[in-house]
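Have a look at the structure below before the remarks.
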Amino acid sequence: MHYVCPVCGFDKLDEPAYNKYNEASYEICPCCQFQFGVDDDVEISDGVFMLREETHTIYRNKWVEDGAEIFQPECYPQEFQSDDKVKKEYLIQQLKNIIVSP
Ligand SMILES: [Zn+2]
């Protein structure tokens, strides 16, 4: 069973990013390098935290802007990468897993 990264749409996570109790897996996505439970834990000011979805969106936009670099290229399908980056045409497909247009 594989799970989808809510940040980049990579669909081969070993564990769900968040379980049914909304607890993070602390797994690092091999594609976008987002760590669930860490990178989504952003304090804006004293005791005020950014919404989890918001952290995903901000991280995703930056990741795409920076060229969609793959954190662990050995864990990612060879045919969909070039220069350790997700191929543009496949990136569009992958982001459809989470219904976001780049
Ligand atoms: Zn990811």
Side-chain angles (χ1 to χ4, degrees):
M1 182 79 187
H2 286 133
Y3 300 90
V4 175
C5 171
V7 177
C8 70
F10 180 63
D11 61 359
K12 297 200 170 35
L13 298 181
D14 295 330
E15 287 180 69
Y18 307 101
N19 65 18
K20 62 178 171 172
Y21 306 109
N22 227 10
E23 293 160 348
S25 68
Y26 290 92
E27 196 177 350
I28 298 175
C29 175
C31 182
C32 70
Q33 206 180 348
F34 192 92
Q35 186 171 17
F36 312 110
V38 175
D39 287 323
D40 50 16
D41 192 18
V42 180
E43 195 171 12
I44 305 167
S45 59
D46 265 0
V48 182
F49 290 85
M50 202 180 273
L51 288 175
R52 187 177 272 172
E53 291 70 25
E54 228 176 322
T55 66
H56 292 169
T57 306
I58 291 168
Y59 191 99
R60 179 188 309 118
N61 289 344
K62 185 171 187 309
W63 178 73
V64 170
E65 232 168 70
D66 290 348
E69 199 161 329
I70 303 165
F71 174 47
Q72 294 173 315
E74 68 277 13
C75 300
Y76 196 87
Q78 284 299 324
E79 64 268 37
F80 300 138
Q81 53 172 294
S82 72
D83 279 339
D84 294 348
K85 290 176 174 157
V86 183
K87 285 184 182 170
K88 181 98 182 51
E89 61 272 26
Y90 187 71
L91 180 62
I92 292 165
Q93 284 303 113
Q94 180 171 301
L95 289 172
K96 280 185 186 159
N97 292 336
I98 45 170
I99 319 174
V100 176
S101 44

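- Under a 3.5 Å cut-off, the side chain of D40 and the backbone N or O of V38 do form a donor-acceptor pair.
- Among residues two or more places apart in sequence or in another chain, the side chain to side chain donor-acceptor pair (under 3.5 Å) test is passed with Y76 by Q94.
- Counting all heavy atoms, side chain and backbone alike, G9 lies closest to N97 at O-ND2, 2.7 Å.
- Here the shortest heavy-atom pairing between L91 and A68 reads CD2-CB, 3.9 Å.
- Residue Q72 holds its CD atom at 11.0 Å from SG of C32, rounded to the nearest 0.5 Å.
- In this structure, F10 and V86 have side chains that are not in contact, with every pair of non-hydrogen atoms separated by 4.5 Å or more.
- When hydrophobic clusters are built by joining Ile, Leu, Val, Met, Phe, Trp and Tyr residues whose side-chain heavy atoms come closer than 4.5 Å, directly or via intermediates, F80 is grouped together with V7.
- Taking the side chain as every heavy atom from C-beta outward, F36 and E15 never approach each other to under 4.5 Å.
- Interatomic distance, CD of E74 versus CG of D84, reported as 9.0 Å (0.5 Å rounding).
- Y90 OH to E79 CD: the interatomic distance, rounded to the nearest 0.5 Å, is 8.5 Å.
- Aromatic ring orientation, Y59 versus F34: perpendicular (interplanar angle above 60°, classes split at 30° and 60°).
- Enclosure of atom CG in D66 by more than 12 non-hydrogen atoms of other residues, nucleotides or ligands within 6.0 angstrom is indicated.
- Between the side chain of Q35 and the main chain of Y26, a donor-acceptor pair closer than 3.5 Å is present.
- Residue Y3 is grouped with residue L95 when hydrophobic side chains (ILVMFWY) are merged at heavy-atom distances under 4.5 angstrom, including chains of intermediate members.
- Residue L51 is not grouped with residue V48 when hydrophobic side chains (ILVMFWY) are merged at heavy-atom distances under 4.5 angstrom, including chains of intermediate members.
- A heavy-atom distance below 4.5 Å is not found between the side chains of H56 and I98.
- With hydrogens and angles ignored, the 3.5 Å screen pairs a side-chain donor or acceptor of Q81 with a backbone N or O of P73.
- E23 pairs by the side chain to side chain donor-acceptor pair (under 3.5 Å) definition with N19, not counting sequence neighbours.
- C29 has its side chain within reach of C8: a pair of non-hydrogen atoms, C-beta onward, lies under 4.5 Å apart.
- Between L13 and P30 the shortest heavy-atom distance is CD2-CD, 3.7 Å.
- Rounded to the nearest 0.5 Å, atoms CG (D41) and CE (M50) are 11.0 Å apart.
- A search for side chain to side chain donor-acceptor pair (under 3.5 Å) contacts involving D39 returns nothing, not counting sequence neighbours.
- Looking at heavy atoms from C-beta onward, P6 lies in side-chain contact with Y18 at the 4.5 angstrom threshold.
- Note that the SG atom of C31 and the NZ atom of K12 stand 10.5 Å from one another [nearest 0.5 Å].
- Atoms CD1 and NZ, on I70 and K87 in that order, are 10.0 Å from each other to the nearest 0.5 Å.
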